[in-house]
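Report on the following structure.
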Amino acid sequence: MNDRHSVLTWALSLVAAATMLSCASGYKEIFPTLVDGKYDSEFPYRGCSAQLEEIGESVKMVNTIAYYRTFAFDAAEGVRPAGLTSTLLRGREGTSSVITNQASGTATVISVDTRRVVLLTCAHVIAFPDTVFSYFIGPDRRSTGILRTVAVKEKQTTYVAVFPEGGELQVLVMDKSTDVALLGKTFETEPFPRIRPFNYPMGRAKELEWGSFVYLFGYPTGYKMVTKGIVSSPNKDRRGGFMIDAVFNRGFSGGIALAVRDGVPNFELVGIVKLVSGRSAYVLTPSTVEGGEEYESGVPYSGDVYVERRTEIEYGLAQAVSIETILDVVAQNGGRLAAAGYTVHLGLPSPVP
């Protein structure tokens with residue numbers, strides 16, 4: 001009886017083990033990709049590193065430097081913006097100074113046509129004001145309206161460092177109302193460089209739902225990154241704008257958002273990241289210590305105190321411009337693009353050169 005019981009127990013153990021192996025090998029059959037024609041809200045069940053690497057080759061870091069000539073005034077002069085003239089500024093060029101203002105963001109190559117390329121980014125990455133004013137503050141801590149300084153932009157350069165021929169770009173379209181910009185580059189030296197464009201279809205941001213899964217590419221603090229996020233507040237405006245919960249940092253503006261329709265690698269471009277939420281505050285800071293030394297926390301500070309504005313990023317909250325808005329901007333500026341010699345293939349998969 002004991003022998004028969006042992007044999008039966010051994011047989012049941014084999015069946016149980018076989019069942020476990022069958023379940024493990026049949027994981028993909030038990031959890032198949034949901035095929036419903038909608039954007040996926042679940043994490044992709046299989047790898048897509050090769051396709052993500054290909055997409056990443058079309059994503060570039062874009063930099064902008066603006067050069068300003070700054071003129072200073074005395075409060076007793078009482079100069080106001082309405083009283084500024086070119087003659088007045090020319091007379092002060094000898095005492096003026098040149099300062100720079102810089103910004104970096106993310107741009108994606110969306111079109112390659114022989115020796116011309118077109119990149120998509122956010123307008124605020126390249127938009128610097130022509131003139132910047134600062135004013136004297138009165139005893140009531142309010143602006144007096146009297147100019148303290150005026151900075152006049154003399155030159156602005158936008159470039160992609162990894163492009164040949166200096167990488168300087170031409171601003172083709174800058175729509176501040178939508179925060180969309182198109183940049184162009186015409187290569188002169190043959191053979192022309194082989195640059196990979198974004199080679200996936202345009203999507204429909206208005207079809208995104210609460211919880212839709214998206215991949216995002218960008219250059220936070222200068223490093224190329226791919227991350228993931230979940231869509232919130234879909235169709236937050238009539239153009240299909242939406243929110244993303246991914247953790248961003250400075251430099252991600254202009255980064256692309258890719259939704260997945262019925263499993264990877266069915267990527268579709270649904271928008272670009274335009275704004276990372278932040279909170280600003282004014283803090284009191286000491287003067288800069290020469291030689292890079294640090295202040296001793298145990299010694300009372302008795303030097304000058306300065307007011308400094310600091311902005312802290314509210315991580316996990318970002319806004320996106322919908323692909324519908326981007327396509328509208330391209331269509332509205334078709335004549336301008338053609339006049340500049342550029343053909344934008346946005347809306348269809350671009351051929352890889």
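No experiment lies behind these values; they were computed from the predicted model shown.
- Remark: side-chain polar atoms of Asn101 are not paired, donor with acceptor, to backbone N or O of Ala66 under 3.5 angstrom.
- For the residue pair Ser96/Arg69, the side-chain donor-acceptor check at 3.5 Å is satisfied.
- Between Arg261 and Lys38, the closest side-chain pair of non-hydrogen atoms is not below 4.5 Å.
- No more than 12 heavy atoms of other residues, nucleotides or ligands shown are found within 6.0 angstrom of CE on Met225.
- Within 6.0 Å of the NZ atom in Lys153, the count of heavy atoms belonging to other residues, nucleotides or ligands exceeds 12.
- Using a cut-off of 4.0 Å between Lys/Arg side-chain N and Asp/Glu carboxylate O, Glu324 and Arg239 are scored as not salt-bridged.
- Of the possible polar contacts, none joining the Asn333 side chain to the Arg336 backbone as a donor-acceptor pair under 3.5 Å is found.
- Hydrophobic clustering places Tyr135 together with Phe71 (ILVMFWY residues linked when any side-chain heavy atoms are closer than 4.5 Å, directly or through intermediates).
- Taken together through direct or relayed side-chain contacts under 4.5 Å among Ile, Leu, Val, Met, Phe, Trp and Tyr, Ile272 and Met202 form part of one hydrophobic cluster.
- When each of Glu268, Glu209, Glu207 is paired with Tyr39, the side chain to side chain donor-acceptor pair (under 3.5 Å) condition holds for Glu268 and for no other.
- Formation of a donor-acceptor pair under 3.5 Å by the Asp74 side chain with backbone atoms of Ala76 is not found in this model.
- Ring orientation note: the planes of Phe198 and Tyr200 are tilted relative to one another, at an angle of 30° to 60°.
- Residues Tyr68 and Val79 fall into different hydrophobic clusters, defined by Ile, Leu, Val, Met, Phe, Trp and Tyr side chains chained together at heavy-atom separations under 4.5 Å.
- A 4.5 Å side-chain heavy-atom check between Trp210 and Ile230 finds every atom pair outside the cut-off.
- Side chains of Thr64 and Thr158: a donor-acceptor N/O pair is present below 3.5 angstrom, by distance only.
- Residues Leu89 and Ile146 do not share a hydrophobic cluster, defined by chaining ILVMFWY side chains whose heavy atoms lie under 4.5 Å apart.
- Stacking of Arg115 on the aromatic ring of Phe187 is not recorded, the 6.0 Å distance cut-off and the 45° axial limit not both being met.
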Residue pair Val160, Met61: steps toward the side-chain contact (heavy atoms from CB on, under 4.5 Å) verdict = CA-CA 6 Å; Val160 170; Met61 182 171 70; over 6 Å; no
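- In this structure, a donor-acceptor pair under 3.5 Å is absent between the side chains of Thr149 and Thr70.
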Worked verdict on Phe213 versus Val264 for side-chain contact (heavy atoms from CB on, under 4.5 Å) = CA-CA 11 Å; Phe213 179 90; Val264 294; over 6 Å; no
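- Val109 places none of its side-chain heavy atoms less than 4.5 Å from the side chain of Val59.
- Of the possible donor and acceptor atoms, one in the side chain of Asn235 sits under 3.5 Å from a partner among the backbone N and O of Lys206.
- Between Thr106 and Val62 there is no side-chain heavy-atom pair separated by less than 4.5 Å.
- More than 12 heavy-atom neighbours from other residues, nucleotides or ligands sit within 6.0 angstrom of CD on Glu93.
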Start with the C-alpha distance between Ser58 and Thr108, add both sets of side-chain angles, then the distance that settles side chain to side chain donor-acceptor pair (under 3.5 Å), and finish with yes or no.
-> CA-CA 6 Å; Ser58 67; Thr108 301; 5.5 Å; no
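- In this structure, Gln102 contributes its side chain and Asn63 its backbone to no donor-acceptor pair below 3.5 Å.
- Judged by distance alone, the side chain of Gln156 and the main-chain N or O of Ile126 form a donor-acceptor pair under 3.5 Å.
- Looking at heavy atoms from C-beta onward, Phe163 lies in side-chain contact with Lys60 at the 4.5 angstrom threshold.
- Around atom CZ of Phe43, more than 12 heavy atoms belonging to other residues, nucleotides or ligands sit under 6.0 Å away.
- Arg116 forms a cation-pi arrangement with Tyr342, by the criterion of a distance under 6.0 Å to the ring centre and an angle within 45° of the ring axis.
- Between Glu168 and Lys185, no side-chain nitrogen of the basic residue sits less than 4.0 Å from a carboxylate oxygen of the acidic one, so the salt-bridge criterion is not met.
- Checked by atom type and distance alone, the side chain of Asp40 pairs as donor or acceptor with a backbone atom of Gly263 at under 3.5 Å.
- At least one donor-acceptor pair under 3.5 Å links the side chain of Ser322 to the backbone N or O of Thr325.
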So Lys274 and Asp179, salt bridge (Lys or Arg N to Asp or Glu O under 4.0 Å) or not? Walk me through it.
-> CA-CA 7 Å; Lys274 76 168 183 177; Asp179 205 5; 5.7 Å; no
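- Outside the 6.0 Å centre-distance limit, the rings of Phe217 and Tyr219 are not counted as a close aromatic pair.
- Note: the hydrophobic cluster containing Ile256 also contains Leu327 (ILVMFWY, side chain heavy atoms under 4.5 Å, direct or indirect links).
- In this structure, the side chain of Gln170 does not engage the main chain of Leu183 through any donor-acceptor pair within 3.5 Å.
- Closest approach of Val132 to Pro129, counting heavy atoms only: CG2-CG, 3.7 Å.
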